[in-house]
Amino acid sequence: MTSDSNRIQSIRGFADILPSATPVWRQVETTLQATLAAYGYDEIRLPALEHTELFARSIGEVTDIVEKEMYSFEDRNGDSLSLRPEGTAGCVRAGIQHGLLHSKEQRLWYAGPMFRHERPQKGRYRQFHQIGAEVFGLQGPDIDAEMILMTGRMLRALGLGDVRLEINSLGSAEARRAYREELVSHFRAHWEALDADAQRRLETNPMRVLDSKNPQLQAVIESAPSLMDRLDEASRAHFEGLTRILDAAGQPYTVNPRLVRGLDYYGRTVFEWVSDALGAQGTVCAGGRYDRLVEQIGGNDTPAIGFATGIERLVSLVTERFGVPEVAGPDAYLVVGDEAAMGVAHRLSERVRDQSPGARIRVHSGGGSFKSQFKRADRCGARYAVVLGESERASGQYTVKDLRGDEPQRSLDENELIEFLSAGQH
RNA sequence: GUGGGCGUAGCUCAGCUGGUAGAGCUCCGGAUUGUGGCUCCGGUGGUCGUGGGUUCAAGUCCCAUCGCUCACCCCA
């Protein structure tokens with residue numbers, strides 16, 4: 001036994017996804033991708049590594065993500081590169097670089113690992129996986145509403161229809177700036193009523209003060225001005241347009257005026273789907289509009305909206321609710337008597353795979369008694385055990401035993417056996 | 001970065017006021033010379049996370065350190 005001290009372990013926050021979990025992952029991923037396809041989105045695949053500058057310029061220099069959570073390092077030529085902490089920046093970069101956004105709309109989705117150097121906890125990892133989508137070139141609230149309805153459909157398709165939808169509008173950059181100043185002076189006037197945490201937030205991200213969970217601050221927060229009341233006219237009309245469509249579509253929501261994004265590029269519509277079953281990390285899907293970003297990183301003025309979901313969180317919810325599906329074993333397990341039988345076993349199984357690519361045949365390896373081979377056939381969940389021993393080779397009649405049901409043991413010649421195993425479900 | 005909880009067999013865990021490391025499951029073998037599951041019997045598997053200290057004696061007490069985990073911050 002190797003001692004723990006010289007055994008290499010995975011990096012903190014980088015999880016292995018073991019065979020017992022991959023079926024749920026696959027189910028979540030295929031369900032989400034099918035829904036995206038149903039709304040006419042096209043897949044785009046993007047690098048995990050980008051120039052650090054891209055994230056600094058899009059996410060915001062002073063955000064936590066850029067300041068202390070990125071995996072950044074110098075390339076051999078001295079460039080600063082970073083593992084992507086989110087997917088939007090790279091998608092926008094690719095859209096500009098390849099001319100995808102040139103006066104036409106795009107509905108794109110992507111999937112893959114993201115990296116943030118945070119302290120891991122339930123539902124939060126340093127390498128985590130997202131599926132997200134970005135729509136470019138559409139400025140009206142109709143696409144906002146469609147994206148919200150689509151993400152709602154995704155969650156329902158996973159059996160997670162009981163999450164709640166929260167929406168808000170962050171208004172225009174100008175309105176937000178004016179509001180932020182107003183907010184800062186409000187809280188400065190009540191400085192001594194704030195706790196240390198809120199005082200710190202007032203310096204870094206004033207709108208976050210509204211998020212404080214401290215009940216003693218509720219009075220000061222209640223009396224604070226609301227961004228909703230100070231939206232610019234266009235943003236107000238946009239938001240009202242959004243709620244009209246959601247109402248007409250029968251999609252329930254709550255307006256949460258304290259719903260703020262941690263990334264600088266958001267404006268106007270923001271939304272979140274929240275579950276109460278995940279502890280502190282309740283957001284399973286979040287998105288919003290970012291009309292200024294494309295221009296900000298060098299493209300033409302292009303309206304855009306996007307969302308991302310955390311696969312780990314969805315997998316966790318689905319697993320808690322429905323358990324893990326039993327892994328289906330092979331259709332047949334070939335028990336081999338000796339070396340000569342091994343040749344027969346592979347000749348037979350290859351012919352079955354030729355004829356029926358969906359057939360799942362496991363040929364025993366590693367020797368051992370018939371007893372132990374049968375035991376393994378049973379343990380791996382095989383439906384049938386096929387015995388290839390001396391007497392079978394002599395007679396040309398192979399024994400097939402049903403391991404899961406009451407079918408009587410049968411004797412088949414080679415062609416019959418191949419037909420039998422190729423038939424799939426018996 | 002900060003705080004709480006936890007580190008004993010592959011897994012889940014027991015181990016009392018310090019006194020020779022245990023159980024269940026798994027795995028391997030046997031009962032059944034070529035037939036799994038159920039049962040019974042036997043076996044493999046541990047520097048008790050790591051390093052130091054106290055003691056005649058440490059899984060147990062003390063200190064440090066590493067790891068896991070939950071929470072804060074922040075976020076998917």
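Worth knowing before you read on, the calculation uses all heavy atoms, side chains too, and leaves out hydrogens, waters and symmetry mates. Order of the sequence lines sets the chain letters (A, B, ...), proteins ahead of strands, with each chain counted from 1.
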Do [X] side-chain atoms and [Y] backbone N/O form a donor-acceptor pair below 3.5 Å?
{"X": "A/E312", "Y": "A/H129", "answer": "yes"}
{"X": "A/N256", "Y": "A/E166", "answer": "no"}
{"X": "A/T52", "Y": "A/S80", "answer": "yes"}

### Task
Evaluate whether atom CD of A/Q409 has more than 12 neighbouring non-hydrogen atoms of other residues, nucleotides or ligands under 6.0 angstrom away.
yes
### Other residues, nucleotides, ligands: >12 heavy atoms within 6.0 Å of A/H51 NE2
no
Under 4.0 angstrom between [X] side-chain N/O and [N] OP1 or OP2:
{"X": "A/K371", "N": "B/G36", "answer": "yes"}
{"X": "A/R313", "N": "B/C75", "answer": "no"}
{"X": "A/R12", "N": "B/G67", "answer": "yes"}

Looking only at atom [atom1], what distance separates [N] and [M], rounded to whole Å?
{"N": "B/C13", "M": "B/A31", "atom1": "C1'", "value": "31 Å"}
{"N": "B/G52", "M": "B/U44", "atom1": "C1'", "value": "34 Å"}
{"N": "B/C28", "M": "B/G37", "atom1": "P", "value": "11 Å"}
{"N": "B/U26", "M": "B/U33", "atom1": "P", "value": "23 Å"}

Output the rounded distance in Å from [atom1] ([X]) to [atom2] ([N]).
{"X": "A/I65", "N": "B/C73", "atom1": "CD1", "atom2": "P", "value": "16 Å"}
{"X": "A/R393", "N": "B/G34", "atom1": "CZ", "atom2": "P", "value": "15 Å"}
{"X": "A/R404", "N": "B/G37", "atom1": "CZ", "atom2": "P", "value": "11 Å"}
{"X": "A/K68", "N": "B/G1", "atom1": "NZ", "atom2": "C1'", "value": "7 Å"}
{"X": "A/D195", "N": "B/U2", "atom1": "CG", "atom2": "P", "value": "20 Å"}
{"X": "A/D64", "N": "B/C74", "atom1": "CG", "atom2": "P", "value": "7 Å"}
{"X": "A/Y266", "N": "B/C75", "atom1": "OH", "atom2": "P", "value": "11 Å"}
{"X": "A/F370", "N": "B/G36", "atom1": "CZ", "atom2": "P", "value": "12 Å"}

Does [X] get its side chain close enough to the base of [N], under 3.5 Å, for a donor-acceptor pair?
{"X": "A/E392", "N": "B/G34", "result": "yes"}
{"X": "A/S391", "N": "B/G34", "result": "yes"}
{"X": "A/Q373", "N": "B/U35", "result": "no"}

### Task
Inspect the contact between A/E203 and A/R188 and indicate whether a charged nitrogen and a carboxylate oxygen are less than 4.0 angstrom apart.
yes
### Query
Aromatic ring centroids of A/F420 and A/Y384 under 6.0 Å?
yes
### Task
Measure across A/G358 and A/D331 and return the closest heavy-atom pair with its distance rounded to 0.1 Å.
O-OD2, 4.3 Å
### Summary
Pairs under 3.5 Å (Watson-Crick or G-U), crossing ones as [ ], inter-strand ones as |: RNA chain B comes out as (((((((..((((.....[..)))).(((((.......))))).....(((((..]....))))))))))))....
### Message
Using heavy-atom distances to pick each residue's nearest nucleotide on RNA chain B, tell me which of A/E312 and A/D378 is more 5'.
### Response
A/D378
### Query
A/L403 or A/R200: which one's nearest nucleotide on RNA chain B is closer to the 5' end?
A/L403
### Message
Quick one, A/R156 and A/V163 - any side-chain contact, counting heavy atoms below 4.5 Å?
### Response
no
### Task
I would like to know whether A/S235 and A/R268 meet side chain to side chain donor-acceptor pair (under 3.5 Å); could you show each step before the answer?
CA-CA 6 Å; A/S235 294; A/R268 290 197 177 167; 3.2 Å; yes
### Message
Heavy atoms within less than 4.0 Å of RNA chain B: which residues of residues 116-130 of chain A have one? Give them sorted by number.
### Response
A/R116, A/E118, A/R119, A/Q121, A/K122, A/G123, A/R124, A/Y125, A/F128, A/Q130
